[in-house]
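The block underneath contains the structure these notes are about, expressed in structure tokens.
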Amino acid sequence: MNELKRMNYLMSETNEAYHGAAVKLGLSDSAMTILYAICNSGSSCLLSEITRMSGTSKQTINSALRKLEREGIIYLEAAGNRKKLVCLTKEGKALAECTAMRVMAVENAILDSWTREERRVYLDLQQRYLDQFKEKTKELAR
């Protein structure tokens, strides 16, 4: 049980650290999530991918998108069958450079400080936990 408490503590503290980074950079969590997802994909990202990768509700993401669109940070393009591509404007690219890209640089610096084996073990265990959690919670009911 001690290990479960520590794991939950670490997950909560990690989430709080990301929230703190977004606040320090002047962004809401949703805006950071959107900019991060776009930067992680290049210069644009499917809306469905942003919602899938973020774990944030579609309503929250859509609300943040509308705000970013009004601010001239992003624009939406049609991408086939009812799909939308979220793209950065020139201003959006500049904002992403000094926000999401800085967070990604911190993450990369941390990973680069680990050995190849440490990175492999960390990622393998994260994947294993996720796979097992999904499998074991399939049957949960309200």
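For the residue pair Q127 and Y122, no side-chain donor N or O sits within less than 3.5 Å of a side-chain acceptor on the partner. Using modelled atom types, one finds no donor on one side chain facing an acceptor on the other under 3.5 Å when comparing S30 with T33. In the model, E13 has no side-chain atom that pairs as donor or acceptor with a side-chain atom of Y18 under 3.5 Å.
Salt bridge E117/R120: present, at least one basic N to carboxylate O contact under 4.0 Å. Taking a cutoff of 4.0 Å between a charged side-chain nitrogen and a carboxylate oxygen, R66 and E69 do not qualify as a salt bridge. Contact check on K93 versus E97 returns no salt bridge, with no Lys/Arg side-chain nitrogen under 4.0 Å from an Asp/Glu carboxylate oxygen.
Using a distance-only test at 3.5 Å, with no hydrogens or angles considered, a donor-acceptor pair links the side chain of N62 to the main chain of K58. Here the side chain of S63 pairs no donor or acceptor atom with the backbone of Q59 at under 3.5 angstrom. Side-chain atoms of T51 come within 3.5 Å of backbone N or O of S48 as a donor-acceptor pair.
In terms of the side chain to side chain contact (heavy atoms under 4.5 Å, CB included) criterion, A94 has no residue partners (sequence neighbours excluded). The side chain to side chain contact (heavy atoms under 4.5 Å, CB included) search around T99 returns L25, L27, M32, L35, L95, not counting sequence neighbours.
Linking Ile, Leu, Val, Met, Phe, Trp and Tyr whenever their side-chain heavy atoms come within less than 4.5 Å puts Y36 and M101 in one cluster.
One distance of note links CD of E16 with CE of M11; it measures 15.0 Å at 0.5 Å rounding.
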